**Student:** 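First the structure, which I've put down as structure tokens, then a few questions once you've had a look.
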Amino acid sequence: MLLFRFFKALPVALTVNNSRASIPNLIITNSGSQRFDIYSGSFTKNDQLTASPFTDTFLYIPDIKLSLANAVLASLNSAGAENRRSLVEEREATEYRLGYVDKRYNEWLRNMNRRHGVEMRVARNLTLGYVTTDSCPGAGDDTLHAPLPFFDVPDFISSNPPAVSDDTPIDLVVVDFIESQLIGILNSLQKDKVYTAADAVLYTPVLASEALGIYAQSAWN
């Protein structure tokens, strides 16, 4: 739900007072940038920064055909798996040092669900919970539970593609920390132009950590 809200927020927040607001765009960022759910009720500055704490900037490359922009997202999530893993893991190592442990927690949930998932939930009438074992006497932490369901989220996500034809030039907007990988992918997917870092320029002064707040002022007041 948070990722859905974030991608409702980005197209609004990033185009406020932006001279390129009328140009169709596709916005790509990493799903790990969003760290906490948003609940109904008041939305404060603390909620804003808890949900989206990272001060990433957004760059854009103009005149990218929509079909190519869509292919970039697919390549980020699959074709360049090894580079993607290296990029994401470097980012996650930095986040872990800052106290964000959810990547390792989610990996544990994923493994627990894979080992004990659907079969245990179907075969036994158990409450949901952590599936653990230990060597202590008695039930202890070995109390039987059905494992919590786990659903994978792609590392990179995008806004909804604009309603234009595949050959329409659009602005491809990306979070800044994938700039070098973006350039490599663009050059691997087409041969009409050799892209360099000089082609990616600042799209807006709005930071990722500010997007939800700007959207809240516009849509939730």
Side-chain angles (χ1 to χ4, degrees), residues 3-4 6-35 52-96 100 103 107 152-211:
L3 294 178
F4 170 76
F6 190 57
F7 265 108
K8 286 190 69 176
L10 280 183
V12 174
L14 301 190
T15 54
V16 170
N17 297 323
N18 190 326
S19 61
R20 303 191 67 82
S22 62
I23 300 173
N25 64 54
L26 186 74
I27 305 170
I28 297 176
T29 189
N30 64 308
S31 59
S33 65
Q34 302 308 290
R35 313 307 297 201
S52 185
F54 300 111
T55 56
D56 297 315
T57 59
F58 289 90
L59 309 174
Y60 81 100
I61 298 180
D63 300 325
I64 300 291
K65 290 182 179 179
L66 176 60
S67 57
L68 178 57
N70 285 328
V72 166
L73 178 64
S75 292
L76 280 167
N77 278 318
S78 59
E82 199 60 43
N83 288 336
R84 172 176 56 84
R85 188 177 303 113
S86 174
L87 181 73
V88 171
E89 287 180 353
E90 180 181 344
R91 170 69 171 247
E92 286 164 352
T94 300
E95 294 172 359
Y96 186 77
Y100 296 102
K103 173 64 177 179
E107 187 61 34
D152 280 305
V153 175
D155 291 320
F156 296 95
I157 51 180
S158 78
S159 57
N160 291 326
V164 297
S165 62
D166 281 347
D167 60 353
T168 300
I170 68 168
D171 285 344
L172 178 57
V173 183
V174 299
V175 67
D176 61 345
F177 92 96
I178 65 169
E179 176 186 3
S180 60
Q181 191 177 12
L182 168 69
I183 298 301
I185 287 175
L186 282 174
N187 288 330
S188 70
L189 291 174
Q190 55 79 49
K191 301 301 178 185
D192 295 333
K193 175 178 178 177
V194 176
Y195 288 93
T196 69
D199 293 302
V201 295
L202 187 67
Y203 186 68
T204 172
V206 173
L207 302 176
S209 59
E210 299 170 329

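Note that this is a predicted model, so its numbers are computed, not measured.
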**Student:** Could you note down all residue pairs passing side-chain hydrogen bond (donor to acceptor under 3.5 Å, both in side chains) where residues 202-211 supplies at least one of them, sequence neighbours left out?
**Tutor:** Asn25-Tyr203
**Student:** Quick one: list whatever passes side chain to side chain donor-acceptor pair (under 3.5 Å) with Asn18, sequence neighbours left out.
**Tutor:** none
**Student:** Listing request: all salt bridge (Lys or Arg N to Asp or Glu O under 4.0 Å) pairs with a residue in residues 157-172, at least two apart in sequence or in separate chains.
**Tutor:** Arg20-Asp171
**Student:** Does a side-chain heavy-atom distance below 4.5 Å link Thr29 with Asp56?
**Tutor:** no
**Student:** Looking at CG of Leu10 and OG of Ser159, how far apart are the two atoms once the value is rounded to the nearest 0.5 Å?
**Tutor:** 7.5 Å
**Student:** To the nearest 0.5 Å, tell me how far Leu76 CG sits from Ile157 CD1.
**Tutor:** 12.0 Å
**Student:** Taking the side chain as everything from C-beta on, heavy atoms only, tell me whether Phe54 gets closer than 4.5 Å to Val175.
**Tutor:** no
**Student:** Does Thr55 have any side chain to side chain donor-acceptor pair (under 3.5 Å) partners at least two apart in sequence or in another chain, and if so, which?
**Tutor:** none
**Student:** Would you compute the distance between atom CG of Leu182 and atom CG of Leu59 and round it to the nearest 0.5 angstrom?
**Tutor:** 8.5 Å
**Student:** Compare all side-chain heavy atoms of Val164 with those of Pro24 and state whether any distance is below 4.5 angstrom.
**Tutor:** yes
**Student:** Ser22: what forms a side chain to side chain donor-acceptor pair (under 3.5 Å) with it, not counting sequence neighbours?
**Tutor:** none
**Student:** Quick one: list whatever passes side chain to side chain donor-acceptor pair (under 3.5 Å) with Asn160, sequence neighbours left out.
**Tutor:** none
**Student:** Using the test side chain to side chain contact (heavy atoms under 4.5 Å, CB included), find all partners of Ala69 that sit at least two apart in sequence or belong to another chain.
**Tutor:** Leu26, Ile64, Ile170, Leu172
**Student:** Applying salt bridge (Lys or Arg N to Asp or Glu O under 4.0 Å), which residue pairs with at least one partner in residues 189-200 are found, sequence neighbours left out?
**Tutor:** Lys193-Asp199
**Student:** With sequence neighbours left out, write down each residue that passes side chain to side chain contact (heavy atoms under 4.5 Å, CB included) with Ala71, or none if nothing qualifies.
**Tutor:** Leu189
